[in-house]
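Single-structure report; data block below.
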Amino acid sequence: MKTLKLTLLMLLAFVLCGFAKNPDPTDLKANFVKGNPEIKAISALTFGPENILFIGDATSAEVMAIDVSEEVSAQSGEVNLSKVDETLAMQMGTTADQIEITDMAVHPETKQIFLSVQHSSGNSMLFKLNGEKFMNVPLTDVMYSKQGLADAIAEDAEDRRGRPMRKWAISDIQYTDGKIMLTGLSNKEFGSTFRSMPFPFTEDQSYASLEIYHAAHGQYETHAPVKTFMPITLNGKPHVIASYTCTPLVVFPMDELKSGEHTKGKTVAELGNWNTPLDIIELQKDGERYVFMANSSRALMKFKVKDIESFNNYLTTKVEERSGTDGVPFIALPFVNVLQLDKVGDDAFVMLQRTSDGDLVLKSSGGRWL
Amino acid sequence: MRLKFSKNIIFILGVCFVFCKANAQSSLVYKEGKVVCPKEHNKHSIKVYVGNLTISGISENQPSILGEIKGSTFTPLIPFGLGQTYTAVCGNDMTAFTIPLPDDYQMPHVIEIYPTDSVLPANLLKFYVRFNKPMATQAYKYVFLLDKAGKPIKRGVLKEIPELWNEDRTELCVWLEPGRIKQGLGPNEKLGPVMEASNGYTISISQDLRDAEGIKMPKNFTKDFKTSERDTIRPDYNKWQVIPPKADSFQPLTINFNEVMDHGSTLSLLSIQNANGEAIPGDWQEGKTAHSVIYRPAKPWEKGRHKIVVSSRVEDRAGNNLNRLFDQNLKTKKIVTEKENYFISFFID
């Protein structure tokens with residue numbers, strides 16, 4: 001009897017091991033392990049499916065996928081909080097001038113808001129909003145997988161201690177359809193690279209440089225860093241819509257982004273040179289789709305996706321009025337100094353806004369502006 | 001007499017009260033990065049707040065510092081900052097403490113700004129600030145480009161980008177506003193270029209910039225320089241002079257450029273291979289002059305043919321790389337190549 005029990009146990013163990021070794025390829029978390037992903041700096045955040053939070057870590061040059069299933073809970077009602085930076089700073093043991101909110105992401109199902117915050121000492125923390133309180137999300141004992149940004153950086157020179165001498169500051173990260181996409185800047189040469197990697201992670205990675213037609217300049221322009229972007233379907237085909245530091249809005253067909261090649265994007269709007277785009281999202285209401293873009297020096301902008309789809313006169317000439325705008329029409333909404341923006345469901349958004357009296361507020365809005 | 005005796009008793013009791021209270025307060029103490037609560041208060045949680053507060057100054061919703069409590073000890077998730085004052089509360093005990101700055105503390109300061117030369121092209125694209133120790137983040141708000149009158153140049157330094165630090169945050173890359181440097185762009189035409197030729201400017205790093213432990217620099221750092229004409233020529237590696245080292249030695253290899261090159265890209269985008277295409281491990285460093293870099297090998301040099309692999313992304317001080325100018329009008333003059341690397345051959349004997 002004992003022998004039979006032992007045999008059954010061994011058989012069970014064998015079957016379990018067999019499952020562990022041959023994970024279901026559709027299981028996004030099959031390669032996850034439990035432990036400390038050793039996050040050094042949270043530069044950018046985005047949610048994927050199945051409660052997976054993607055973190056772009058510029059300091060360790062890695063992308064982490066973290067299972068936050070046990071952390072999320074439903075956020076109900078409108079959000080309207082003031083003194084957000086002071087509250088977070090006090091929890092981090094410092095003052096508001098010593099922290100930076102590096103990104104914000106809203107959980108797509110529960111609508112819970114997550115913020116990444118960097119202390120001036122370099123320590124990063126992740127917070128979630130529970131009701132009206134910010135709670136720390138510990139990241140030292142989680143289910144995760146991660147992937148290094150193995151590409152040009154790894155091939156570059158290293159100093160004697162083996163550290164890469166070039167660094168890549170991640171400016172934005174997005175997930176779509178089994179793919180993680182990142183943009184960023186290098187500390188050694190001027191330019192921007194667009195990267196993508198499959199998820200679940202494999203060793204495959206591609207990076208393409210994006211070439212855009214800069215209408216205000218009247219010529220092709222490669223040396224411009226992408227500040228923010230998102231995947232978008234235009235005329236039934238997957239595209240990337242990206243905005244640059246000098247604010248042209250550019251679209252790239254996804255299937256034209258090829259590793260190691262320049263891709264020429266099509267500028268669909270020139271939004272003025274006095275501005276840096278900060279965040280871009282897509283919303284919809286009553287069958288109409290919109291793109292919202294937050295800016296450093298201009299109000300929150302609203303575009304109709306159908307105007308972008310039907311805009312065939314891609315900008316090829318100089319914008320005559322130097323600080324003027326051109327291309328797809330947009331409406332400026334009455335929200336200025338919006339520093340972070342994300343969608344809350346399909347028809348609402350949440351923003352982190354610096355008000356005219358210096359307060360940093362987190363508030364949700366929606367319907368009436370669509 | 002009786003009155004005097006009573007006064008003495010009151011005085012002694014008063015001293016005792018103060019002393020005993022102080023003793024009671026000191027039982028809740030800051031010790032080596034942690035706050036320790038008296039054992040008899042174990043049933044109470046320890047809360048620590050930023051600043052020197054009184055009980056009445058702590059509101060019900062006042063956020064306390066995140067930390068771990070084990071037994072009677074509180075450890076903050078982010079270490080307490082040097083020179084910062086905090087208030088700890090445990091049961092009825094309350095104490096304020098300031099984290100002392102060690103006597104031998106190494107104060108933060110700027111070691112060097114690259115390019116190191118005092119004459120820079122009017123279309124300088126970026127510079128690098130090297131510090132003696134790891135610094136705090138959010139540094140761009142403390143970096144300024146000043147005109148001759150000492151006034152900060154509006155939109156001179158590009159600040160709305162992710163911070164470009166090196167690995168240990170001892171070197172910061174600072175871009176000047178490219179929209180003002182590139183001819184034809186709105187900022188360039190409306191405000192003019194960031195700098196004009198034949199003028200004087202100052203790079204200023206404010207003393208309010210802190211090190212990673214939260215301590216400010218003792219004083220501002222400034223570097224004065226003059227401007228030359230715009231650099232509108234692509235770097236030409238054919239004009240670089242290579243001084244080979246001797247075989248079987250650790251002598252550095254020297255490259256003398258025909259112009260001052262960009263500090264960051266030259267130190268990170270050059271490499272050396274032997275005749276078989278194998279990389280020679282070693283370390284690029286600044287040379288004796290602003291025009292040169294040296295390569296120190298990790299192993300003695302071997303005799304034979306070698307080559308320097310020059311990435312086309314190597315830039316000069318104006319952001320012109322080996323493939324294209326930073327400010328290239330493609331409509332009028334197309335001088336663009338798309339090579340990934342260039343090679344300079346040399347022999348070691």
Side-chain angles (χ1 to χ4, degrees), chain A residues 43 58-59 87-95 97-98 100 118-123 125 133-134 136 156-157 159-160 163-167 169-171 184-191 214 216-225 227 245-246 262 272-274 276 278 296 318-319 322-323, chain B residues 48-50 62-66 76-81 84 86 125-126 134 136-138 158 160-169 173 175 178-179 182 184-187 189-190 210 212-214 262 264-265 267-271 283-284 298 313-315 319 321 324 326 328-331:
Chain A
S43 314
T59 302
T87 305
L88 292 167
M90 283 194 265
Q91 289 183 263
M92 296 172 88
T94 188
T95 47
D97 64 329
Q98 295 302 305
E100 182 185 10
Q118 189 172 45
H119 186 282
S120 61
S121 63
N123 290 292
M125 277 187 167
K133 287 213 157 92
F134 290 107
N136 176 40
D156 283 335
D159 70 8
R160 282 183 170 173
R163 299 171 305 189
M165 294 175 72
R166 282 173 69 243
K167 292 258 307 145
I170 297 166
S171 58
L185 303 83
S186 157
N187 67 334
K188 299 297 180 192
E189 77 269 4
F190 188 82
H214 200 308
H217 202 183
Q219 67 182 39
Y220 279 108
E221 163 64 86
T222 55
H223 292 288
K227 180 71 181 167
T245 49
C246 288
H262 289 303
N273 285 309
W274 297 99
T276 293
L278 299 175
S296 66
K318 272 190 175 184
V319 175
R322 289 295 171 202
S323 58
Chain B
V48 184
Y49 301 90
V50 177
Q62 179 109 351
S64 60
I65 297 172
L66 293 165
L77 289 188
I78 295 177
F80 292 125
Q84 302 293 306
Y86 303 91
L125 179 63
K126 56 188 185 291
T137 60
Q138 304 174 58
L158 187 64
E160 288 151 347
I161 52 170
E163 280 189 317
L164 299 170
W165 283 105
N166 66 346
E167 183 82 3
D168 58 5
R169 280 211 316 280
C173 173
W175 286 349
K182 263 193 194 235
L185 282 178
E189 299 203 342
K190 192 153 185 176
R210 297 166 191 258
E213 291 168 278
D262 173 65
S265 64
L267 290 186
S268 65
L269 296 171
L270 298 172
S271 56
D283 199 6
W284 288 102
R313 292 173 293 158
V314 167
E315 294 177 358
N321 71 27
R324 62 176 66 208
F326 175 73
Q328 174 86 61
N329 190 333
L330 302 181
K331 279 189 170 172

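First the proteins, then the strands, lettered A, B, ... as listed; each starts at 1. Heavy-atom basis, side chains included; hydrogens, waters and symmetry copies ignored. As the structure is a prediction and not an experimental result, all values here were calculated from the model.
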Contacts of A:Ser120 that satisfy side-chain hydrogen bond (donor to acceptor under 3.5 Å, both in side chains) - sequence neighbours left out: A:Gln98
What part of A:Leu278 is in contact with chain B, defined as an atom under 4.5 angstrom from a non-hydrogen atom: side chain, backbone, both or neither? neither
Going by side-chain contact (heavy atoms from CB on, under 4.5 Å), A:Met92 matches just one of B:Leu77, B:Ile78, B:Val50. Which one? B:Ile78
With a 4.5 angstrom heavy-atom cut-off, is it the side chain or the backbone of A:Thr94 that approaches chain B, or both, or neither? backbone
Donor-acceptor contact present, side-chain B:Arg210 to main-chain A:Ser121, <3.5 Å: no
Which heavy-atom pair separates A:Met125 from B:Leu66 by the least distance, and what is that distance? SD-CD1, 4.0 Å
Give the minimum heavy-atom separation between B:Thr137 and A:Gly122, together with the two atoms involved. CG2-CA, 4.2 Å
Of all residues at least two apart in sequence or in a different chain, which pass the salt bridge (Lys or Arg N to Asp or Glu O under 4.0 Å) check with B:Glu163? none
So which heavy atom on A:Glu100 is nearest to which on B:Gln138, and how close? N-NE2, 3.5 Å
Tell me, side chain or backbone of B:Phe80 under 4.5 Å from chain A's heavy atoms, or both, or neither? neither
